[in-house]
Number of protein chains: 2
Amino acid sequence: MKIVMLSGGSGKRLWPLSNDSRSKQFLEVLPSTNGERQSMVQRVWGQLNRNNLVKDTVIATSKKQTEMLRKQLGYEVNIVEEPERRDTFPAIALAASYLFTELNCALDEVVSILPVDPFVEDKFFEKLFVLEDIIQSSNSDLALIGVKPVIPSEKYGYILPETSTAGDNLSVKQFIEKPAESYAKELIEDGALWNCGVFAFELRYIIEMLSDKGLPTDYTTLCENYNLLEKNSFDYEVVEKAKNITVTKYDGFWKDLGTWNTLTEQVESNVIGKGVLDKNLTNSYIINELNIPIVMLGTESTIVSASYDGILVTSKESSPAVKEYLDDIITEPMFEDKVWGSYRTLEHTTTSESDGVITRRITVNSNIQSNLVVNNALTTWTVIQGEGYLEIETEVSRIYPGASIQFIPSKTYSLKSINKLEIIEVSIGSKSNGLGVTFDLSFRSKLFNS
Amino acid sequence: MKIVMLSGGSGKRLWPLSNDSRSKQFLEVLPSTNGERQSMVQRVWGQLNRNNLVKDTVIATSKKQTEMLRKQLGYEVNIVEEPERRDTFPAIALAASYLFTELNCALDEVVSILPVDPFVEDKFFEKLFVLEDIIQSSNSDLALIGVKPVIPSEKYGYILPETSTAGDNLSVKQFIEKPAESYAKELIEDGALWNCGVFAFELRYIIEMLSDKGLPTDYTTLCENYNLLEKNSFDYEVVEKAKNITVTKYDGFWKDLGTWNTLTEQVESNVIGKGVLDKNLTNSYIINELNIPIVMLGTESTIVSASYDGILVTSKESSPAVKEYLDDIITEPMFEDKVWGSYRTLEHTTTSESDGVITRRITVNSNIQSNLVVNNALTTWTVIQGEGYLEIETEVSRIYPGASIQFIPSKTYSLKSINKLEIIEVSIGSKSNGLGVTFDLSFRSKLFNS
């Protein structure tokens, strides 16, 4: 069996902690066994690991998330990067072609699709082996996990089996998306289960589907022709058209941590980051990534979340609505996690002479070598911590706290950090021409290597 | 008549918008007739002006507030600066000695004490002339304004007259501080009025009190011996000991804008600064000085206030309690308004090598000349807007956007701005030795003047 983990998400539902370069699955807010906090993706990865499934897993994701995945899970993970964002069917089809021609999987290999954000017990992962068994030993086109509902929620999709008789593996009659509460109650009485987005099929099933559509099945060719794949969901292209579908029942803890409301129920402390909570508040939460303190008084069942992108104050009940309010205010991300370190915008402003002035704190991890791409802005660095070497054209000089560098766009620069470097960058130019220095790790200076 | 306006306040009750260098009376949140926003002190000053009282007013304040008062009210205001913070009696006594020996007021001059923050109608100020008349034409030691109560509030002090008979000017029987609601009801039935902190007396009354205590009555000498004055309130030293006190009744709008709860009732918009309020919230407020947006959803009767010092989220009801929660979190102010411009801390952090690294945005108003005091930190400036001249020892050079200056502690520096300068300063050193460059306007370069 191979597992394709889907890591997508627009990052809006958990604003302001998630943004376009940092989706909810990367937020390190969940408790972990070693006392530190972990992200959703780290938690799921640990669970796959305990079930000895990591070696069989590839991650289908977009270019924007690749760096964060490598940072949180390590460099050895198998990543299938979409050439552009389309939808779940193209992403899964591309991963299937990768398994077929890059990993040379047989056509009868069972492939399981796993979302990146299920918050479940370890035993949930045992169900993946049940899916494999169903695909191998029955005539089912698709097998999926159905979660035993605990409330008649209107937020989920429901899977209605042919019969509500006993047995863990049942033939699927119908899918119902987000029913009204009264209908959801009826469905639950009829034995319906929640759809948690975990599907299994034979690799052949998707590869033949690509062939039938006249699309390439070879990974490299499919990458080059990715725009030929229609922007359709896997549900629309595959699930709705499948003839024989079997659902296996999972009777255990499962939760969608997609909103602040549900996420805060899993955090281990009411205050993460700098903050003080009124001692009478038991169901309110502060999650603060800023350097300034938050004080919350007298507001029960309220969540305050702050990052360099913005501040959200919401009742738990209203938290799922945050997405609707963001269109007018989301600008560029103020914090960007990178493989080599991070950028954090301290201020982005305009002046009477210039439509873009940015002050950023740049953290460069120890022992990083990178080419620096300098644009046409007037850019100055002041080193505030750490030491390293800066190569300007053919000259190498040492940099240290207090050193100041004024970049000249016509020259070439490379950086090598000895220990962790902290730099304040001030860049004056225009938004359209780009601001600040960009790191390009693909190019490494010959001088440093010699 | 002379008016002594008392401008004090610790700045904690309206945290995070007020801090040690910017008290509540300077917050520009109140509507003004020209459509811009004004501060409490600007509002009161405008009202004094409309009553032709500005020329007779001196402001008693602390060193920390002098710059802000001059910035908001202009350079011509008469300021009596306390050599150190003591209490209201010493501050008023010092102002009295200033009237006596610096302004040469006669001993029968009537002096009215006015807090800086009454939120009242213009007609309130007409009552000051009534106080003057009472002192001049009766044997009262003290005269004060009593506000007709509108609710039996537990927050205020009450003035009980001898009789509850008709008439606007009544003899005072007793003062009652913050009574329980039931007692406050009884008091109101007996004709009690709210004490709004406005008192009048003959200058002789305080000057003789100083003499009787063996204290100097000359302003300069009293300044030098200010520490001899006990830290007592005017209430304790004067009001409680006065024999004949008359109260004049004010039947009009009066409000203490000392807490977020009462202040937000006077602002003209539910959102000041960057923010989006859930459209169903009618009694909630966002007051945001940060560059990042605040989104508030589903929390009725809630106030969110954010500045570079911190973020407060509070129910209207709980807002007066903010003071109690600040001891652990208040550090140095992140924003400081100065006569020449302002400092704003973008980040104050520590590194492995240094216990203090500060990144500040410095705004220098146009046409400012100042000596720059450079400490032992490694300090770099990057000019991001505006032009000016920098004098280093005996050399003058022009500065402009993109210019970078590395300060050398052994050298002397002076700055002259042509138009408004915006500068990013990065300073690496230690908290104890000071960080960044300090402006000293008392010294002006000879080179610039020549």
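Residue numbers start from 1 in every chain, and the chains themselves are labelled A, B, ... in the order their sequence lines are given, proteins ahead of strands. Here the structure is a predicted model, which means the values were calculated and not measured. Atom set for the values below is all heavy atoms of this structure, side chains included, hydrogens, waters and symmetry mates excluded.
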Residue part contacting chain A, namely of [X], when any heavy atom lies under 4.5 Å:
X: Gln406(B); answer: side chain
X: Ser307(B); answer: backbone
X: Ile424(B); answer: side chain
X: Ile303(B); answer: neither
X: Asn288(B); answer: neither
X: Thr382(B); answer: side chain
X: Leu281(B); answer: neither
X: Lys274(B); answer: neither

With a 4.5 Å limit on heavy-atom distance, are the side chains of [X] and [Y] in contact?
X: Val383(A); Y: Tyr400(A); answer: no
X: Val295(B); Y: Leu326(A); answer: yes
X: Thr299(B); Y: Val313(B); answer: no
X: Thr282(B); Y: Glu300(B); answer: yes
X: Leu14(A); Y: Trp260(A); answer: yes

remark   = Most heavy-atom pairs under 4.5 Å with chain A, out of Ala377(B), Ser427(B), Ser404(B), belong to Ser404(B)
inquiry  = Just so I understand: if I count every heavy-atom pair under 4.5 Å between each of Leu297(B), Leu312(B), Ile428(B), Ile292(B) and chain A, which residue has the most?
reply    =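 When all of Leu297(B), Leu312(B), Ile428(B), Ile292(B) are compared, Leu297(B) has the most.
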ask   = Going by the angle between their ring planes, with limits at 30° and 60°, are Trp340(A) and Phe439(A) parallel, tilted or perpendicular?
value =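 The rings of Trp340(A) and Phe439(A) lie parallel, inter-plane angle below 30°.
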task = Using the six-membered ring wherever Trp is involved, compare the ring planes of Phe407(A) and Trp381(A) and label them parallel, tilted or perpendicular (cut-offs 30° and 60°).
result = perpendicular
[X] versus chain B, heavy atoms under 4.5 Å apart: side chain, backbone, both or neither?
X: Glu347(A); answer: side chain
X: Ile311(A); answer: both
X: Ile423(A); answer: neither
X: Glu422(A); answer: neither

Between [options], the one whose heavy-atom pairs under 4.5 Å with chain B are most numerous:
options: Ile286(A), Val304(A), Thr359(A), Asn291(A); value: Thr359(A)
options: Glu317(A), Lys420(A), Arg361(A); value: Arg361(A)
options: Thr302(A), Leu346(A), Thr379(A); value: Leu346(A)
options: Leu378(A), Val357(A), Thr314(A), Thr380(A); value: Thr314(A)

key: Side-chain donor or acceptor of Glu387(A) paired with backbone N/O of Ser417(A) under 3.5 Å   = no
message = For Tyr325(A) and Asp278(B): C-alpha separation, side-chain torsions, deciding distance, then whether side-chain contact (heavy atoms from CB on, under 4.5 Å) applies.
response = CA-CA 8 Å; Tyr325(A) 285 83; Asp278(B) 180 342; 3.4 Å; yes
ask   = Should Arg360(B) and Glu425(B) count as an ion pair when the cut-off is N to O under 4.0 Å?
value = yes
key: Leu290(A)/Tyr308(A) under side-chain contact (heavy atoms from CB on, under 4.5 Å): CA gap, chis, key distance, verdict   = CA-CA 6 Å; Leu290(A) 296 175; Tyr308(A) 293 92; 3.7 Å; yes
